[in-house]
Amino acid sequence: MKRPQVVESVSDLRSVVREWRRQGLSVAMVPTMGALHDGHVSLMRIALERADRCVVSIFVNPTQFAPTEDLDKYPRQLAADLDRLAEAGVQLAFTPTAAEMYPEGFDAKVVISGPSAGLETDFRPTFFEGVATVVAKLLLQVLPDCAIFGEKDYQQLCVVKKLCCDLDIPVEIIGAPTVRDTEGLAMSSRNAYLSPAELTVARQLNKILRQAAQALRLGANAQETLDKARRQVLEAGFGSVDYVEARASDTLAPWRRDRDGRILVAARLGATRLIDNVEVVRS
Ligand code: PAF
């Protein structure tokens, strides 16, 4: 198993990528915050199917955490992450410090309206500003041919696509299917916070969403279906539900029956906030 090369500075990153380009190689990127799990590895596999070389960034981005959120607690496990990169055959890990990404005097902020509106933003008002800013920087630092993002963070995927479209960043953004455990729980670094009892409850979330998506496909009333799903999430044992909404899958505008859609949910279980989404096939 070959270990990936690890670089911490933008200039070292660029010189490796420049050399690959000189050799005529194509490049894919997978941006991450580390604590890598099977879901991330699936993104790396897609990257390496699409391109000759893969860069994975591992950076717990402080600007996407609100002061009340879990920045300090967020799992950090670089040695184990590098093992996963080696297993996946990734060639380069970019592990910048916060000072490398946000040096003294850094003033930029990237705001993408449209798909950022509502959902996560109602509960984490500055989250997508932080995501859009760091993703814009990462994509411009590497300028890969494509970058892979998981559909699990569906609103994030839509924001990143719009970011590249509106700012003419010449990178193809590829959405990758969510990887789930055998009972349907979406892989997430935050699952590490769940107790065994909470895990059992968390596993109900996707089942409830799938039933709701099926009901919508069969013509059930949208609001009643979403209200029922919200009740079921609470009955399953979640402490509260931030949102359960149906949106158009491309723009995230409110869903209409003649368009492909997604049901998106965020719910809290103890100290952990889980998100998930499922496709609503057009009827
Ligand atoms: O999804 C994530 O892990 C992060 O939001 C991302 C895209 C790496 C930006 O920090």
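Atoms within each ligand, like the ligands themselves, are counted from 1 in listed order. Counting begins at 1 with the first residue of the sequence.
- Under 4.0 angstrom from ligand 1, there are no non-hydrogen atoms of Val160.
- Between Glu100 and Lys137, none of the side-chain N atoms (NZ, or NE/NH1/NH2) sits under 4.0 Å from a carboxylate O, so this pair counts as no salt bridge.
- Around atom CZ of Arg180, more than 12 heavy atoms belonging to other residues, nucleotides or ligands sit under 6.0 Å away.
- Side-chain contact between Gln155 and Cys158 is absent, with no heavy atoms from C-beta onward closer than 4.5 Å.
- Of the protein's non-hydrogen atoms, the one nearest atom 3 (O) of ligand 1 is Met33 CG, 3.6 Å.
- For the pair Leu234 and Gly239, the tightest heavy-atom approach, listed with the atom from each and the gap, is CD2-O, 3.9 Å.
- Counting atoms of ligand 1 from 1 in the listed order, those under 4.0 Å from a heavy atom of Thr32 are 8 (C).
- If you number the atoms of ligand 1 from 1 as listed, the ones under 4.0 Å from a heavy atom of Val134 come out as 9 (C), 10 (O).
- No salt bridge links Asp242 with Arg124; every basic N to acidic carboxylate O contact stays at or beyond 4.0 Å.
- Annotation: Arg50, atom CZ; neighbour count of heavy atoms from other residues, nucleotides and ligands within 6.0 Å does not exceed 12.
- The protein non-hydrogen atom at the shortest distance from atom 1 (O) of ligand 1 is Gln156 NE2, 2.8 Å.
- The N/O atoms of Gln64, backbone and side chain alike, include one that comes under 3.5 Å of an N/O atom in ligand 1.
- Checked by distance only, ligand 1 and Asn61 stay at 3.5 Å or farther apart across all their nitrogen or oxygen atoms.
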